[in-house]
Amino acid sequence: MNALDFLEQLKDVDNVIKSLEEEYEKLMTKATNINVKYRDVVAHSGSCSSPQEQQGPEMAEYSKQIQEMQKELNTAKTKAMKNIKKMDSFKHKSVLIKYYVQNKTLAKAAEEMNISDRWASELKKQAVKMFEKNFK
C-alpha cells in the first residue's frame, strides 16, 4: 500500500465507523423509544431485559464491529502521526492532520488554518509527497 492509499484509508475507516455508530444509535432508539448516543449510558425502565437483549445479536454485532474498527483506526492514526511528525513544515503537518487524522473536510481545514481552499488543496498535495518520503 502506498502512502496516499494509507491516508485515504484513514478517512474511509473513520466514515465507516460513523455509519455503523449511526445504525447502532437507530437500533438503540428503536429498543428504548428514546434518542441516545452510542457512548451514552441508558437507563431502561419497565422491563427486566436491556435494550441490547431486546435487539439481540444485531446490536451486539454492530458494537463488536465498531470496537474492532476503532482499534484498527487508532493503530493506523498512530502510524500516520509518527510519519507526520517527521515532516519539517508546520503547515504541511497541519493540513494532513486536519484532513486525514481528524477527518475534517479540506474546506474546514482551510478555514481553521486561515488559508484559501485552493491553497489548502495545494498544501495537501505537497504534504502527501512529503509524507511518502517518511512512510514505512
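Keep in mind it's a predicted model, so treat the numbers as computed, not measured.
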### Query
Atom OG in S63, atom CG in L27: separation rounded to 0.5 Å?
11.0 Å
### Summary
Rounding to 0.5 Å, atoms CG (L73) and OG1 (T78) come to a distance of 9.0 Å
#### Entry: With sequence neighbours excluded, residues passing ring-ring contact (aromatic ring centres under 6.0 Å, His included) with F131
F135
### Query
Are F90 and Y99 connected, step by step, through hydrophobic side chains (Ile, Leu, Val, Met, Phe, Trp, Tyr) whose heavy atoms are closer than 4.5 Å?
no
### Summary
Hits for side chain to side chain donor-acceptor pair (under 3.5 Å) against Y100, two or more places apart or cross-chain, chain-then-number order -> E8
#### Entry: Euclidean distance, K26 NZ relative to Y62 OH, rounded to 0.5 Å
8.5 Å
### Summary
Here the salt bridge (Lys or Arg N to Asp or Glu O under 4.0 Å) pairs for residues 92-111, sequence neighbours left out, are K98-E112, K104-E112, K108-E111
### Query
Does a side-chain heavy-atom distance below 4.5 Å link N134 with I84?
no
### Query
Are side-chain heavy atoms of D5 and Q9 found at a separation under 4.5 Å?
no
### Query
Once you round to the nearest 0.5 Å, how far does CE of M130 lie from CG of N83?
14.0 Å
### Task
Would you mind reporting whether M69 and E21 have side-chain heavy atoms less than 4.5 Å apart?
no
### Query
Minimum heavy-atom separation for A127 to V95, with atom names?
CB-CG1, 4.0 Å
### Query
Which pairs pass salt bridge (Lys or Arg N to Asp or Glu O under 4.0 Å) with one or both residues in residues 76-92, sequence neighbours excluded?
D14-K77
### Message
If I compare all heavy atoms of A120 with all of A110, which pair ends up nearest, and what's the gap?
### Response
CB-CB, 3.6 Å
### Task
Check whether any side-chain heavy atom of N103 sits under 4.5 Å from a side-chain heavy atom of L10, and report yes or no.
no
#### Entry: Spacing of K71 atom NZ and E68 atom CD [to the nearest 0.5 Å]
9.0 Å
### Task
Using the side-chain contact (heavy atoms from CB on, under 4.5 Å) rule, take L123 and L96 through it: C-alpha gap first, then chi angles, then the decisive distance, then the call.
CA-CA 9 Å; L123 271 177; L96 289 183; over 6 Å; no
### Message
Does anything in residues 117-132 form a side-chain hydrogen bond (donor to acceptor under 3.5 Å, both in side chains)? List the pairs, not counting sequence neighbours.
### Response
H92-Q126, E122-Q126
### Task
Using the test side-chain contact (heavy atoms from CB on, under 4.5 Å), find all partners of E22 that sit at least two apart in sequence or belong to another chain.
none
### Task
Would you confirm whether S19, through its side chain, and N15, through its main-chain N or O, come within 3.5 Å as a donor-acceptor pair?
no
